[in-house]
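Below is one structure, written out as structure tokens, with a few remarks after it.
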Amino acid sequence: MRVSKLFGKTQRETPAEAETVSHQLLLRAGMIHQVAAGVYSYLPLGWRVFKKIENIIREEMDKAGGQELMMPVLQPLELWQETGRDLAFGKGLFTLSDRKDRKLCLGPTHEEVITQLVRYNVQSYRDLPLLLYQIQTKFRDEPRPRAGLIRVREFTMKDLYSFDTDEDGLNQSYDKMLQAYQNIFTRCGLHTLLVEADSGAIGGKESHEFMVITESGEDEIIHCAHCRYAANVDKAESIKGKVEPEEPLPLEEVATPGVGTIEQVSNFLKVPKSHTLKAVFYIADGKLVFVVIRGDIEVNEVKLRNALGCVELRLATEAEAIEAGVVAGSASAIGISDIKIIADDSITSGANFVAGANKPDTHFRNVNYPRDFRVDLMADIAQARAGEGCPQCGSKLLSTRGIEVGHIFKLGTFISEKLGALFIDPNGAPHPIIMGCYGIGLDRLLAAAIEQNHDAQGIIWPMSIAPYHIYLCPLHLENPEVATAAEKVYAELEAQGLEVLFDDRKESPGVKFNDADLLGIPIRVTISPRALETDSVEIKKRSEKESELMPLEGIAARLKELIKNLF
RNA sequence: CGGGGUGUAGCGCAGAGGGUAGCGCGCAUGGUUUGGGACCAUGAGGUCGGAGGUUCAAAUCCUCUCACCCCGACCA
């Protein structure tokens with residue numbers, strides 16, 4: 001490809017709206033263009049990268065035994081109502097009506113459609129196991145699209161679904177995918193961390209995420225340097241800081257004028273926060289819930305939602321809490337009878353807590369559970385933090401950030417049961433098919449690759465997903481010798497099937513070098529009068545500072561070898 | 001949805017206090033240049049996000065609206 005003919009221009013200045021590195025570089029390199037919030041076009045260079053990623057994924061899916069198929073974006077809303085997941089997705093689901101006023105939605109994922117499809121094609125255990133996948137556009141009306149391609153409303157996902165007859169089969173499918181995912185990310189030049197995850201709106205039990213570790217990541221990961229424990233904060237467990245055991249003392253009321261927050265209580269009464277109990281109020285599916293947790297620990301809303309088994313969860317407003325009879329600033333579970341109380345298990349580690357007295361400007365000392373109050377539900381609903389103990393080995397936990405590029409789930413039979421996808425076992429008895437689902441966001445993977453591979457000059461594409469392998473960069477094109485040599489090398493490389501971006505523009509060296517760096521093509525081949533004197537060209541890897549001379553003779557074969565070694 | 005911010009040429013920006021829009025980059029033409037974003041000359045390009053209002057006069061003041069970005073609750 002000749003740069004002079006290439007659609008898409010590089011830009012010197014960073015577009016103002018872009019804050020994330022990958023977003024900035026993709027825009028500056030002319031690889032994407034924004035159409036609306038969270039909606040982008042790919043220009044030729046960006047699209048080449050995209051297709052390379054797509055091919056790597058396809059190869060690995062096929063190798064793992066996946067069969068590719070294609071399902072529609074447009075789906076009847078009814079299908080979603082059957083599994084109840086229309087509610088789980090809520091406003092994230094793009095819905096529309098057809099001319100007959102039938103309700104449709106744009107698929108945010110395809111468990112429903114594929115399960116329905118499988119129901120019609122699978123009757124017997126002999127038809128299983130199955131691994132079916134597609135690479136297709138998904139629509140999710142994200143509350144807040146952000147960071148270029150990292151979080152968008154229209155995106156491409158590879159989604160594979162596994163169908164098995166038993167748990168063992170599911171585990172095997174899961175392991176196959178886990179391995180295939182490792183292969184994919186490695187081949188794309190990414191370092192990922194496998195973390196335990198919450199399964200969210202998709203539902204199901206066990207699930208893992210593949211995180212690209214980078215500061216700009218949206219997700220916080222809690223991990224252990226000692227034993228490889230790693231989990232999304234949403235899911236992460238920890239050994240909560242222990243409090244010295246004490247003999248329970250009698251309840252004692254203290255005046256605490258103007259004291260409301262845990263911070264103030266702790267300061268006013270000179271007790272550590274871990275010696276206080278915090279009351280937090282949530283509205284879970286429309287009902288007020290009273291949450292009790294040790295004062296030094298934050299509530300993890302994902303865990304809370306799971307513990308409650310609710311769909312919608314939000315913090316209650318102060319007005320809602322007061323209406324329910326709560327004394328703001330001095331609330332505690334003591335004497336509360338008509339509100340559901342859920343407590344974090346941290347309240348059992350410790351004694352003689354300070355808690356609200358449910359009277360204005362008053363707290364209790366020496367509150368003890370279960371002596372002084374009742375709890376309807378006790379669970380781990382705490383946000384794990386760096387510094388706390390690893391749940392597996394007890395060492396100190398660390399925290400990093402990452403971008404979730406892949407997510408795998410053991411779904412179980414939730415959807416197959418709802419949609420009646422059954423198989424007959426060897427004894428003639430019907431059972432719901434056991435499912436798993438496995439997703440990779442291609443656009444996000446592309447962006448994450450840049451987040452992990454760039455410098456101040458621009459992108460540094462890993463060879464496997466680079467839009468072109470070679471940036472052919474002649475200097476002084478007005479010099480006939482250079483022009484001839486450049487054309488000849490270009491033709492030769494093309495003939496050898498090498499992917500070459502030929503900068504045939506009559507631009508200054510600085511412009512060309514800067515564009516080459518910005519675009520991130522792995523190998524730069526410079527042809528100049530200087531090097532031609534010794535019948536050689538200059539080779540520079542994008543990832544390295546120094547260049548080296550290489551004889552013009554047999555250049556194609558040499559470059560081919562070099563490229564092969566860089567994969 | 002809550003909070004914060006921005007909309008002026010393809011990109012980055014300027015334009016206090018009303019007088020009909022400017023700079024840099026980019027683009028076009030010509031010339032001189034060429035190893036890390038060259039220089040000179042000439043030129044094209046804007047219903048100032050949109051609607052309404054105030055005014056002799058609005059990018060500028062008022063009202064409403066839309067879009068986009070950032071921080072939080074969601075997820076590939």
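By convention in this document, chain letters (A, B, ...) are assigned in the order of the sequence lines, proteins followed by strands, and residues within each chain are numbered from 1.
Around atom CD of A:Q81, more than 12 heavy atoms belonging to other residues, nucleotides or ligands sit under 6.0 Å away. The number of heavy-atom neighbours closer than 6.0 Å to CD of A:E215, taken from other residues, nucleotides and ligands shown, is 12 or below.
With respect to A:E54 and A:R58, a salt bridge is recorded, a charged nitrogen being found less than 4.0 Å from a carboxylate O. Between A:R146 and A:E218 a salt bridge is recorded (basic side-chain N to carboxylate O distance below 4.0 Å). In summary, A:R187 and A:E60 engage in a salt bridge, as defined by a charged side-chain N under 4.0 Å from a carboxylate O.
OP1 or OP2 of B:C68 has not a single side-chain nitrogen or oxygen of A:R146 nearer than 4.0 Å. Phosphate proximity of B:G37 to A:Q457: absent, as no side-chain N or O sits under 4.0 Å from OP1 or OP2. Residue A:S528 places no side-chain N or O under 4.0 Å from the OP1 or OP2 atom of B:G35. OP1 or OP2 of B:U34 has not a single side-chain nitrogen or oxygen of A:H476 nearer than 4.0 Å. The side chain of A:R12 contributes an N or O atom lying less than 4.0 Å from OP1 or OP2 of B:G26. Put simply, A:R444 has no side-chain N or O that comes within less than 4.0 Å of OP1 or OP2 on B:C75.
The pairing partner recorded for B:A41 is B:U29, the criterion being a Watson-Crick or G-U wobble arrangement whose two distances lie under 3.5 angstrom. The nucleotide B:A67 finds its pairing partner in B:U6, both defining distances of the Watson-Crick or G-U wobble pair being shorter than 3.5 Å. Under the Watson-Crick or G-U wobble criterion, with both distances below 3.5 Å, B:G46 has no partner in any strand shown. The partner of B:A76 is absent, by the rule that a Watson-Crick or G-U pair needs both atom distances under 3.5 Å. Pair assignment for B:G18: none, as no Watson-Crick or G-U wobble contacts are both less than 3.5 Å. Both distances falling under 3.5 Å, in either a Watson-Crick or a G-U wobble arrangement, occur for no nucleotide opposite B:U34. Remark: B:C11 base-pairs with B:G24; criterion is Watson-Crick or G-U wobble with both hydrogen-bond distances under 3.5 Å.
At a threshold of 4.0 angstrom between heavy atoms, the contacts of A:V405 are confined to the sugar-phosphate backbone, with no base atom among them. Within 4.0 Å (heavy atoms only), A:E142 reaches at least one base atom of the nucleic acid. The residue A:G92 sits apart from the nucleic acid: no heavy atom pair falls under 4.0 Å. Residue contacts shown for A:D443 are absent, as no nucleic acid heavy atom lies under 4.0 Å away. When heavy atoms are screened at a 4.0 angstrom cut-off, A:A147 is found touching the sugar-phosphate backbone but no base atom. Residue-level contact check: A:D159 touches neither bases nor backbone, having no heavy atom under 4.0 Å from any strand. A:E538 comes within 4.0 angstrom of a base, heavy atoms only. Across all strands shown, A:T14 has heavy atoms under 4.0 Å from sugar-phosphate atoms exclusively, and none from any base. Contact annotation for A:R153: no contact, since no heavy-atom pair falls under 4.0 Å across all strands.
Between the P atom of B:A76 and the CZ atom of A:F185 lies a distance of 12 Å, rounded to the nearest Å. Taking atom CD on A:Q11 and atom C1' on B:G26, their separation rounds to 8 Å, with Å as the unit. Going from atom OH of A:Y282 over to atom P of B:A73 covers 10 Å, rounded to whole Å. Straight-line distance from the CG atom of A:L26 to the C1' atom of B:C11: 17 Å, rounded to whole Å.
Between A:F139 and A:F94, the ring-plane angle classifies as perpendicular under the 30° and 60° cut-offs.
For A:F210 and A:K506, each mapped to the nucleotide of RNA chain B holding its nearest heavy atom, the one lying further toward the 5' end belongs to A:K506. Both A:E404 and A:P509 lie near RNA chain B, and the one whose nearest nucleotide falls closer to the 5' end is A:P509.
Between B:G35, B:C68, B:C11, one nucleotide has an atom nearer to the side chain of A:A36 than all others, and that is B:C68. The side chain of A:R28 lies closest to B:G37, out of B:G37, B:C13, B:G36. When each of B:G35, B:A76, B:C68 is scored by its nearest atom to the side-chain atoms of A:A37, the top-ranked nucleotide is B:C68. Side-chain proximity of A:R140 to the nucleotides B:A76, B:G35, B:C69 is greatest for B:A76. Closest contact between the side chain of A:T526 and the listed nucleotides B:G36, B:A76, B:G35 involves B:G35. Taking every side-chain heavy atom of A:P143 into account, B:A73 is the closest of B:A73, B:C13, B:G10.
In terms of modelled atom types and a separation under 3.5 Å, the side chain of A:K52 and the main chain of A:A466 share a donor-acceptor contact.
Proximity of the aromatic rings of A:F185 and A:F210 is defined here by a centroid distance below 6.0 angstrom, and this criterion is met.
Residue A:F155 and nucleotide B:A76 are classified as a stacked aromatic pair, their ring centres being separated by less than 5.5 Å at an interplanar angle below 30°.
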